[in-house]
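Down below is the structure, laid out as structure tokens.
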Amino acid sequence: MKNIFKFNPMVITLAAAVMLGGCSEELLDQSNNNATSTANFGSSVAEVESAVNGAFHPITDTFFWGRIIHTGAIQRSDEFNVFPFGSNTAMATLLGNPGDRWATEPWQQLYKSIARCNNVIINIGEEQIADEAVRNGLVGQAYFLRAFDYWYLTNLYGSVPLITELPDLDNLLVDQAESSVIWAQIISDLEMAEAMLPETWEGDNAGRPTSGAATALKGKSYLYMKDWTNARTTLASLIGKYSLLPAEAYGDNFSDVNENNQESVFELQFLGQTTFIWGTDIPGTGTMGNYHIDYATPSKSPDKGHVINPWLKDLFEANNDTVRRNETLVYDYPGATGYGGLPFAQDLGDTTDEDNATVAGDITIATAAGVEPIFGKKYSGMDLGTRDQVDFLGTNVGNNWRIIRYADVLLMLAEALNEDNMTGDAATYLDMVRLRANLDGVASLNLSPEDMRTAIIEERAMELAGEGHRFFDLVRWGLADDYLGANSLHGSNPKSLSGGVFQANKHELVWIPSSELDANPNLVQNPGY
């Protein structure tokens, strides 16, 4: 049975420190018999394990990867044509501005996790845990997760405060750090994590970050920094340490079976559960896949859902790629199935209610809106059962989210090699991904660097569709305006259902939350907002 890291959220956070500012001394002078004081924190391994687990919880709960990162940042990409649903979808439809939802929660959750990581990194040493391997395994996770947190903060918000110490009550109004400083801290933390973390975890610890996960995120960071040489040497060190699943098991990369497998480099652990408390930082809650709301078909999503833009379908078909298409998209291709394995037309077609009145199905909803009925399959819950068996909020959805897969590593390595004038070597790793999908390789074509770049861009679109990479990829490639702007190379507006259009020098980042600007006058809003 899958294990979700349990914890006691016993950490001082910056937010908590701010809250204490208006309290009287008498009110502050209280004892909590159920808490561990900072003075004796780390007196047992179990206590530190609990604190480390507590640093994961803000990441997996509803207000970050459990849901909000998807309905906001990830679904900004050109893959998703989102049906507008008020403020909930304003960011995903490129219509959001300060005051709309979903910029505040990721900021808060990431900094909450960072504060908990800082607590472990600063306070745990040989005096607290004598066993070096045990100590390194715990502190190494904190270094990895702090890097993970800052990776998403800088790619979402740009220049953000860099906090690596415990809260200073006399200096709470921190400045934003330059992005280069944030990237340097990410690399430093990942190098610490590489040195401290084990290569594998066993038993209930399976799924915790490993040294390989730290190396992969470091290589990815170098790629985003356009440091091609460090990117390729870092990513190349992972070759042979993981392997691709066979073609017939490609769908295992997204289902609730065969998790933490040979292709998985790092995945966030989720567990469908009925103890649902929306976005609450309490042990035993917040690790279910509420992201289902954003990946379910329109008739099943409480937020009206989305369709997949036809360029992605066309790309699969142009490459005759049925292996990945069939696990990524659902439309009227031969053998297409929806929830519970039901045929496409049956599951997504019209139904009748108890009064024998027609209820529009997903196909009709899309067609009536003037878009093709193409729907996403990854993380939609279709693998878990029929529609009535999958909770509409996703509380019983427990698919781990694969953050980095080996296929991603291979494609990043191919990209770094190509950009570092090693195009022939790049083909080797691109072809490993293509051959798994039963496609012909490109090595024999002797592609130019420009053509290889295009091939890698298209391969990432097919291999990683719907997994949360595409928007960040478009931004770092400088292609976001080309595909999401007013003159989209797709030939139609990818956000046609809402009318949203990408604006260069604005939509690369989301807005700094208004609540943070109000609380800290040192912060500066991102351009365009």
Subject >> salt bridge (Lys or Arg N to Asp or Glu O under 4.0 Å) against K241, all qualifying residues, sequence neighbours excluded >> reply: none

Subject >> Distance flag, aromatic centroids of Y291 and F270, threshold under 6.0 Å >> reply: yes

Original post:
Side chains of I308 and V330: does their closest heavy-atom pair fall under 4.5 Å?
Top reply: no

Subject >> Whether N396 side chain and D391 backbone form a donor-acceptor pair below 3.5 Å >> reply: yes

Original post:
Got F63 and W107 here, is their nearest side-chain heavy-atom distance under 4.5 Å?
Top reply: no

**OP:** Keeping the roles fixed (side chain from K313, backbone from E372), state whether a donor-acceptor pair exists under 3.5 Å.
**Re:** no

**OP:** Consider only side-chain N and O atoms of E79 and S77, and report whether a donor and an acceptor are under 3.5 Å apart.
**Re:** yes

**OP:** Determine whether N81 and P494 make a side-chain contact, defined as any pair of heavy atoms from C-beta on separated by less than 4.5 Å.
**Re:** no

**OP:** Output yes when a side-chain donor or acceptor of T89 lies under 3.5 Å from a complementary backbone atom of F85, and no otherwise.
**Re:** yes

Original post:
Can you check side-chain hydrogen bond (donor to acceptor under 3.5 Å, both in side chains) on N399 and D256, steps first, answer last?
Top reply: CA-CA 4 Å; N399 305 49; D256 68 340; 5.1 Å; no

Subject >> Side-chain donor-acceptor pair present, N309, H490, cut-off under 3.5 Å >> reply: no

Original post:
Between the side chain of W511 and the main-chain N/O of N526, is any donor-acceptor distance below 3.5 Å?
Top reply: no

Original post:
Do the ring planes of F375 and F344 sit parallel (below 30°), tilted (30 to 60°) or perpendicular (above 60°)?
Top reply: tilted

Original post:
E267 versus S264: any side-chain heavy-atom pair under 4.5 Å?
Top reply: yes

Original post:
Is any side-chain heavy atom of N400 closer than 4.5 Å to a side-chain heavy atom of L268?
Top reply: no

Subject >> N/O donor-acceptor pair under 3.5 Å between E248 side chain and P246 backbone >> reply: no

**OP:** Using the ring of Y333 (Phe, Tyr or Trp, six-membered ring only), decide whether R325 places NZ or CZ under 6.0 Å from its centre and within 45 degrees of its axis.
**Re:** yes

**OP:** Look at the side chain of S380 and the backbone N and O of A296, then say whether any donor-acceptor pair between them is shorter than 3.5 Å.
**Re:** no

Original post:
side chain to side chain donor-acceptor pair (under 3.5 Å): which pairs involve residues 402-424, sequence neighbours left out?
Top reply: T229-D420, R232-D420, E263-R405, R405-E463, R405-E467, D408-R460, E415-R476, E415-W477, N418-T423, E419-R453

Can I get a per-line list of side-chain donor-acceptor pairs under 3.5 Å for residues 359-371, giving both atom names and the distance, sequence neighbours left out?
unit_1 : atom_1 : unit_2 : atom_2 : d
D362   : OD1    : T297   : OG1    : 3.3
D362   : OD1    : S299   : N      : 2.7
D362   : OD1    : S299   : OG     : 2.8
D362   : OD2    : T297   : OG1    : 3.0
D362   : OD2    : S299   : OG     : 3.0
D362   : OD2    : R387   : NH2    : 2.5
T364   : OG1    : D350   : OD1    : 2.6
T364   : OG1    : D350   : OD2    : 3.2
T367   : OG1    : I363   : O      : 2.8

Subject >> 4.5 Å side-chain heavy-atom contact, N155 and F472 >> reply: yes

**OP:** Look at K378 together with E327 and state whether they make a salt bridge at an N to O cut-off of under 4.0 Å.
**Re:** no

Original post:
Under 6.0 Å between the ring centres of W151 and Y224?
Top reply: yes

Original post:
Are V82 and L497 close enough that some pair of their side-chain heavy atoms sits under 4.5 Å apart?
Top reply: no

Subject >> Salt bridge present between R146 and D149 (N-O < 4.0 angstrom) >> reply: no

**OP:** Report yes or no: do S301 and D294 form a side-chain donor-acceptor pair below 3.5 Å?
**Re:** no

**OP:** Hey, can you tell me if Y379 and W401 have their rings parallel, tilted or perpendicular (30° and 60° cut-offs)?
**Re:** parallel

Original post:
Does the D353 side chain pair with the main chain of T358, one donor and one acceptor, at a distance under 3.5 Å?
Top reply: no

**OP:** Take F83 and H306 through the ring pair (Phe, Tyr, Trp, His ring centres under 6.0 Å) test and state the conclusion after the steps.
**Re:** CA-CA 5 Å; F83 283 95; H306 63 268; 8.7 Å; no

